[in-house]
Amino acid sequence: MFPSSNLNASKARHLDIGAPDQIVETFADLTGNDARLSIRFEGLDVQYPVTLARLDRDLHQCMLRASDLEDLNTLLTQRLPFYLDIQHTSMSMTSALMRPLQVSGQVDWIDIRTALPVSLKLTRQRNLFRATLERGMKVNMLMTAQRNGSEVEGRLVDLSIGGCLIAVSVNDAINFQIGMSLYRLRAVFPSGEAFDASGCVRHMRCSDDSNDVLIGVVFDASLADFERRVWFYVREIEREAVRLEAPPERPVAPSRLFNEGSAALEVEAVATPQEEALAALPLFDNVRNIARALGVQLINLQAGISLETAVLCEQARMLLSLLQEDRQALLYALACVERHSTPLVCHGLAVATRLADLESGGRTTEQVIQMMACAMVHDFGKILLPENVRLHQGVMEAPLLSHLHAHVELLRFRIERDGLSGDARRDVLLSINERLDGSGYPRGLEGYSLNRLARMASVIDAIDAMGRPRSDRPAWLALEIYRHIFNAGAQFDTGCANRYVKRYGFTPIGSLVAFSSGFQAWVMRLDARGQPSRVRVVRELTHDKSMNQVLEGPELVQLGTLEGCVGRHDNHMTPW
């Protein structure tokens, strides 16, 4: 209501305003505001509309103007005290008693000069009031987009009768879109009490002070019993927030919803063995931070904000420095980050890294950064596709494929032009899906219309995509991918494919391999001959035993002969 005052700093539903400067600022905000003012005399039910004609900050006085009514004139002449009521769509205020200092009139109105009240009592409208969870308050939110769909876990930020704000990770936020219906929302309080609702995603934005995405949800139900139930939770959250801020000498009884587990929220979480191992993994934290930054860009794109070229180039610069620092450690970190980011981001990072690894020669650092920036986001336009295309399961028929191919043009107009060269946009962003025989998209270019960078980008993109699982097939093994690429020689540049195979080998870093003794392991490093020199052993098949042991150099002899890449045994078979 009053954007220039300090009242919005408090999120409480009821607020007593007693500081003289706050009262002055509140009255200043009434000038030109759409609030409705009226005066009401003690003991009388009649309200008389008024306007604020003038405010004297120095004297701490104001002038109220009312229509010239005989009964009002009589009351004012007697210098009777009155209350000033202020009504607004989002809140209401009532003043302490005010007494007229001077009453003067014109033909049609009465001017009432009075001292500003010593206090104001503010009440926010129940249907618009949002109870915010303060530090130390935690309510888990489980969100399900479709019936029998998987749950996404988030954290409740605030709650009102009409909806709520939920914080989720960038990775999970990709599953939601503005306007998407949510089949079920479940809020689980520390006491174990929960309530269910359904709703619709109203807005999405990235949090200013964390790596979360804030999802605004409006509830579907508007039934009286539902509103009463939600209002109970709103009041209890507000009550607990007041308790946490109350001084020790004025304790407030805790809400039953937060009477269990609240103290545990302040205890530092203990890292799991897997988290400790990841923290010690070279370059992993750096890669995860880059992936998180790209995830934020993806969320912004989904919300209608264009991709920021400066941010993309900054992340590309960081990725290039990691490549130059330790190429093999970066390749393994990229495989490990897949469980911590989205497929679109992971695919883009892998393509960008390999493109820089193979195509940096003869190019300036800035040229490499720009082609990496384009490669990182070349598939981001898919987030803008209709839901029936984006979430399609199984093989796509030709009509649906044509809709899928529109992702290139969708992204073309949603990425800032400043900061990206025309060559990088043309050869990577727009041509990575083209094929030498003209069967690619979006323009069906062929032959010499595609230069060396575009040809290499298309090979890298296809190989990485085939190495990832899809709804209609599992991930392909390296040998299967290479065989497909060379058999489709009319589509791909054979010279580029040969360079790729020579550089990454038949057991690439990040692939799962089998040994003759029955062990399976993830490849962490390769030697000069392209053979695994460091692996993480994760399974012993003879006894169906899970493991987690890193071996390197001469220690690999105990694993037997390398047999080649194998498919993942289950979803838990991850590089780390």
Side-chain angles (χ1 to χ4, degrees), residues 1-45 47-66 75-76 79-103 111-135 158 160 234-253 255:
M1 174 181 174
F2 308 118
S4 62
S5 71
N6 294 322
L7 301 185
N8 289 324
S10 172
K11 298 174 182 177
R13 183 172 182 242
H14 301 283
L15 182 66
D16 290 325
I17 306 168
D21 58 337
Q22 279 198 331
I23 292 174
V24 170
E25 292 305 318
T26 301
F27 271 76
D29 285 326
L30 292 174
T31 306
N33 199 284
D34 59 353
R36 299 182 300 279
L37 282 64
S38 60
I39 59 176
R40 170 175 47 86
F41 292 88
E42 196 167 19
L44 299 177
D45 293 333
Q47 290 185 317
Y48 300 93
V50 298
T51 59
L52 180 63
R54 189 167 67 250
L55 174 66
D56 192 323
R57 292 173 177 267
D58 296 330
L59 295 178
H60 211 66
Q61 295 178 358
C62 68
M63 184 77 76
L64 301 175
R65 178 165 293 172
L75 294 168
L76 292 172
R79 297 291 195 270
L80 295 178
F82 57 81
Y83 297 99
L84 177 66
D85 291 330
I86 304 167
Q87 296 290 331
H88 190 266
T89 54
S90 63
M91 65 182 76
S92 62
M93 284 189 287
T94 299
S95 73
L97 280 172
M98 303 168 65
R99 190 177 297 274
L101 299 176
Q102 181 183 357
V103 178
D111 285 337
I112 311 158
R113 185 167 62 86
T114 177
L116 295 180
V118 295
S119 66
L120 292 166
K121 184 177 290 293
L122 178 148
T123 301
R124 302 180 197 273
Q125 295 298 314
R126 168 177 154 166
N127 63 328
L128 295 175
F129 173 67
R130 286 185 173 270
T132 301
L133 281 82
E134 305 296 342
R135 189 177 186 276
D158 64 38
S160 72
V234 171
R235 292 200 319 270
E236 289 299 294
I237 291 172
E238 182 187 14
R239 175 180 168 185
E240 184 69 8
V242 170
R243 184 186 74 82
L244 291 173
E245 294 181 356
E249 64 274 13
R250 295 178 60 188
V252 178
S255 163

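Other residues, nucleotides and ligands place more than 12 heavy atoms under 6.0 Å from the CZ atom of R79.
Across C62 and F27, no two heavy atoms sit closer than the pair SG-CE2, 4.2 Å. Taking all atoms of both residues into account, the shortest heavy-atom contact from P100 to L80 is CD-O, 3.4 Å. Listed here is the closest heavy atom pair of V50 and A66: CG1-CB, 3.7 Å. The heavy-atom pair separating D16 from K121 by the smallest distance is OD1-NZ, 2.8 Å. Across every non-hydrogen atom of E134 and A241, the tightest pair is CG-CB, 3.6 Å. Between V24 and L55, the closest heavy-atom pair is O-CD2, 3.9 Å.
Within the 3.5 Å criterion, the main-chain N or O of L84 finds a donor-acceptor partner in the side chain of S95. Using modelled atom types, no side-chain atom of Q102 and backbone atom of R113 make a donor-acceptor pair closer than 3.5 Å.
Within the model, atoms CG of L44 and CD of Q47 stand 11.0 Å from one another, a figure rounded to the nearest 0.5 Å. To the nearest 0.5 Å, atoms CG (L122) and CE (M93) are separated by 5.5 Å. Expressed to the nearest 0.5 Å, how far OH of Y83 lies from CD1 of I86 amounts to 14.5 Å. In this structure, the separation between OG1 on T26 and CG on L120 is 6.0 Å, given to the nearest 0.5 Å. We find the CD-OG distance between Q22 and S119 to be 12.0 Å, quoted to the nearest 0.5 Å.
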*asked:* Please determine whether salt bridge (Lys or Arg N to Asp or Glu O under 4.0 Å) holds for the pair E25 and R57, giving the CA-CA distance in whole Å, both sets of side-chain angles, and the decisive distance to 0.1 Å.
replied: CA-CA 9 Å; E25 292 305 318; R57 292 173 177 267; 2.8 Å; yes
*Assess whether side chain to side chain contact (heavy atoms under 4.5 Å, CB included) is satisfied between L64 and F82, documenting all intermediate values.*
CA-CA 12 Å; L64 301 175; F82 57 81; 4.1 Å; yes
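Evaluation of the salt bridge (Lys or Arg N to Asp or Glu O under 4.0 Å) rule for R99 yields no partner, not counting sequence neighbours.
The shortest distance between side-chain heavy atoms of P81 and M98 does not fall below 4.5 Å. Under the 4.5 Å side-chain criterion, counting only non-hydrogen atoms from C-beta, T94 is in contact with R40. With contacts defined as side-chain heavy-atom distances shorter than 4.5 Å, the pair I17/I23 qualifies. You'll find the side chain of I112 reaches within 4.5 Å of the side chain of I39, heavy atoms only. Contact of the Y48 side chain with the L75 side chain is registered, since non-hydrogen atoms from C-beta on lie closer than 4.5 Å.
No hydrogens or angles considered: nothing links the side chains of E240 and S255 as a donor-acceptor pair under 3.5 Å.
The residues R235 and E238 are annotated as not salt-bridged, no charged nitrogen and carboxylate oxygen being separated by less than 4.0 angstrom.
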